[in-house]
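First the structure, then my questions, so here it is.
Just so you know, ligand 1 is whichever comes first in the structure, and atom 1 is the first atom listed for that ligand. Computed from a predicted structure; not experimentally measured.
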Amino acid sequence: MAPQLDNYFKQVDDLQDKFIDRLREAVAIPSISSEDARRPDVVRMGHWLADQIRALGGEVELRELGPQPGREHLTLPPCLLGRYGSDPKKRNILIYGHYDVQPAAKEDGWATDPFTLTIDDKDRMFGRGSTDDKGPVLGWLNVIEAHQKAGIEFPVNLIMCFEGMEENGSEGLNDTIKAEAKKFFKDADVVCISDNYWLGTEKPCLTYGVRGCNYYSLEISGPGQDLHSGVFGGVAHEPMTDLIRVMDSLVDPDGKILVKGIADLVAPLTDDEAALYPPIAFTMDDLYQSLGSKATIHDNKNDALMHKMRYPSISLHGIEGAFSTSGAKTVIPAKVIGKFSIRTVPNMEIDEVNKLIQTHVEEAFAKLGSKNTMKFNIVHCGKWWVADPKHWNYTAAGKAVEKVFGVKPDLTREGGSIPVTLTFQDELQKNVLLLPMGSSTDMAHSINEKLDKRNYIEGTKLLGAYLHYVAEEPTN
Ligand SMILES: C[C@H](N)C(=O)N[C@@H](Cc1c[nH]cn1)C(=O)O
Ligand SMILES: [Zn+2]
Ligand SMILES: [Zn+2]
């Protein structure tokens, strides 16, 4: 295998400008799944990806998922089901990724246009979706192209599942996976997903868990329309005042969740599990670097890691309807909608958590004695997932990391959420591996998201090397 891999690596290096152009084209399509007006762009992105795969000789179906539940005026973007190779002597590796992205606008504070891939003098490639998740998805396509150009036999058959709603709760995907578990996905031997990040900037990792995410909105309304605060201040119950009090009651400034009953749902920390964190190659400096400041709640590595990987957290995301531009407008907003979410961990069940959160916000609102009206809404929920990192899928990935980067990877759990991991594991009964490409400084979901050229190119080598090792790894 060694000479083949060396030829493959050389080919990836030779093709790097082409691979960057591929990413540039993808980033230019603003496939924001949570904005209604961008839905045609999400669909366009799915078609662009399908065309790219077909041009490489893959077979693709863009599976229509119908209207978006609860928002029927919108059609869900298609789920891309693809195949590359069908040799019965080879293993079948199911790869998943997403072609939608988080919202982005230059006015949010981006230094460059978010939908123009911009490479700086440190070879950082800035653009929305560069690391989450267009770069990693295109990494798989680059692997195919480099094999073809180098004349190296492809080591496995690839089964592809690329969705366009991951950043918006993976709406519609679970049903497709359930329906196809014994059809399109039936031959899959294992699953590999590249959609998360290293803990730092130097050491790769293999990831065997994610936190879940339950996302909520809280609408408070009262006055018939926005009001003059001089005329109505002190006279009317203000929706914003109510909302801020209710949202404030969820979590304290040290991240402690104040919702009764949540802590009781969390699996206790065993001595065996506690011993997993100290060996992980991660420092507080790594954290400061990725955070862009020293504003951490915990001042030691192990607590910081555990609060990212194995404890829940509540985050307050925003308030729709609030006055938010510069200047000083003396308005009382008539209706405000607060957005918040909880990241969940073993053994928290979605329904139990929802019940506790709903009871909490209803009690907190009742305590205010306000004459306004509050509506609690569950936007989307996805469960946490933990896999067996001793599986041969992980052994193969570990060998690929050592071959490409010359180090043994850390084993990590991701603080973010990828709801489909659990669905694949449960419905297909196959091992799922997360094999990240990007680093901790990539700023996914934030302004100035980027993927380092090194991570993209070495990451493409890693995904290809993994396919060679997983093709040959003995089962355990
Ligand atoms: C880790 C992955 N790349 C990611 O960003 N996932 C999102 C998924 C999501 C969106 N809403 C709820 N879950 C995330 O963790 O925020
Ligand atoms: Zn994301
Ligand atoms: Zn992602």
- prompt: Relative to Trp392, does Arg91 satisfy both conditions: NZ or CZ under 6.0 angstrom from the six-membered ring centre, and within 45 degrees of the ring's axis?
  reply: yes

- prompt: Do Trp384 and Leu422 touch side chain to side chain, with heavy atoms closer than 4.5 Å?
  reply: no

Tyr469 side chain to Val401 backbone, donor-acceptor under 3.5 Å: no

Candidate list Thr112, Thr441, Thr131, Asn455, test side chain to side chain donor-acceptor pair (under 3.5 Å), partner Lys450, passing option: Thr441

Side chain to side chain, Arg454 and Asp123, heavy atoms closer than 4.5 Å: no

message: Can you classify the ring geometry of Phe340 versus Phe376 as parallel (below 30°), tilted (30 to 60°) or perpendicular (above 60°)?
response: tilted

task: Inspect the surroundings of NZ in Lys301 and state if more than 12 heavy atoms from other residues, nucleotides or ligands are less than 6.0 Å away.
output: yes

task: Start with the C-alpha gap between His317 and His445, add the side-chain angles, then the distance that decides, and say whether ring pair (Phe, Tyr, Trp, His ring centres under 6.0 Å) holds.
output: CA-CA 12 Å; His317 303 298; His445 292 207; 9.7 Å; no

Other residues, nucleotides, ligands: >12 heavy atoms within 6.0 Å of Arg245 CZ: no

- prompt: Can you pull the residues with any heavy atom under 4.0 Å from ligand 1?
  reply: Asp132, Glu166, Glu167, Asp195, Tyr197, Cys213, Arg343, His380, Gly416, Ser417, Ile418, His445

message: Strictly under 2.8 Å of the Zn ion (ligand 2): which protein N/O/S atoms qualify?
response: Asp132 OD2, Glu167 OE1, Glu167 OE2, His445 NE2

